[in-house]
There are 2 protein chains.
Amino acid sequence: MEFRQLGYFVAVAEERHFGRAARRLYVTGPSLSQQIQALERDLHVTLFERSPRSVVLTPAGEVLLQHAHVLLARAERARDEVRSVGPL
Amino acid sequence: MEFRQLGYFVAVAEERHFGRAARRLYVTGPSLSQQIQALERDLHVTLFERSPRSVVLTPAGEVLLQHAHVLLARAERARDEVRSVGPL
DNA sequence: ACACGTTACGCGGAACGTAAGAATT
DNA sequence: AATTCTTACGTTCCGCGTAACGTGT
């Protein structure tokens with residue numbers, strides 16, 4: 001589970017569409033698909049129910065989405081606070 | 001800033017010694033040193049005052065240490081909760 | 001048949017280990 | 001001089017993009 005993967009995951013969850021999420025993230029569809037799969041493999045969980053017509057979160061996906069938002073926000077905050085201490 | 005780097009950082013902070021931290025992490029000294037440097041470059045901050053005799057946290061390092069603990073714990077919790085929803 | 005997600009595959013960059021170098025005490 | 005961190009360098013692994021393929025409607 002990496003920060004980049006969490007960002008990818010949130011994008012797909014919000015767009016409910018790999019293609020749109022990929023464009024929004026400035027990556028290609030395959031790259032995005034692979035990273036989501038890597039995340040699913042890592043967590044031993046399926047995060048989305050895919051079909052050419054719809055992409056919806058599984059229950060596990062819903063749970064991860066909550067945590068992903070918190071983690072990404074907290075990471076951002078960590079960066080800011082660390083840097084605000086002083087450039088050195 | 002990646003989770004692996006945060007783990008490395010916490011180990012060095014706790015050991016106050018690159019060599020011991022490296023052994024504890026099952027990586028070599030140089031790899032650890034490089035990753036800490038990469039993290040420092042990424043954050044534009046110096047995290048440790050190094051000398052052959054002592055390795056101590058800078059103020060910025062102290063701040064990061066707090067956040068690192070929270071982030072790693074929260075990530076661990078996310079894993080657990082996601083997996084507890086169901087293997088699928 | 002079309003739209004969309006997934007494999008297949010080759011490339012470039014990042015992480016690691018071994019070996020050699022610098023620095024403080 | 002010894003211990004410890006760092007730089008140099010070659011190798012391996014991982015993420016990415018292009019192209020080809022599968023799948024459901």
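Labels below follow one simple rule: chain letters A, B, ... track the order of the sequence lines, proteins then strands, and each chain is numbered from 1. Since the model is a prediction, treat every value here as computed from it, not as a measurement. Below, each value reflects all heavy atoms present in this structure, side chains not excepted, and no hydrogens, waters or symmetry copies.
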task: State which of dT6(D), dC16(D), dT6(C) makes the closest approach to the side chain of F18(B).
output: dT6(D)
task: To the nearest Å, give me how far apart CZ (R41(A)) and C1' (dT6(C)) are.
output: 12 Å
- request: Choose from dC5(D), dA15(C), dC16(D) the nucleotide whose nearest atom is closest to any side-chain atom of H17(B).
  value: dC5(D)
- prompt: Is there side-chain contact between T58(A) and E49(A), with at least one heavy-atom pair below 4.5 Å?
  reply: yes
Closest nucleotide among dT6(C), dT6(D), dC5(D) to the Q37(B) side chain: dT6(D)
task: Measure from the side chain of P52(B), starting at C-beta and using heavy atoms only, and say which of dT6(C), dG17(C), dA23(C) lies closest.
output: dA23(C)
- prompt: Nearest nucleotide by nearest heavy atom, which residue falls closer to the 5' end of DNA chain C, R53(B) or Y8(B)?
  reply: Y8(B)
query: Hey, what's the ring geometry for F48(B) with F9(B), parallel, tilted or perpendicular (30° and 60° as the breaks)?
result: tilted
field: Side chain of V27(A) (C-beta onward), nearest among dG17(D), dC9(D), dT25(C)
entry: dG17(D)
- request: Counting heavy atoms from C-beta on, name the nucleotide in dC5(D), dG17(D), dT7(D) closest to the side chain of R50(B).
  value: dC5(D)
message: Does Q34(B) reach a base, just sugar-phosphate, or nothing at all? Heavy atoms under 4.0 Å.
response: base
Closest to the P30(B) side chain, choosing from dT4(D), dA8(D), dG17(D): dA8(D)
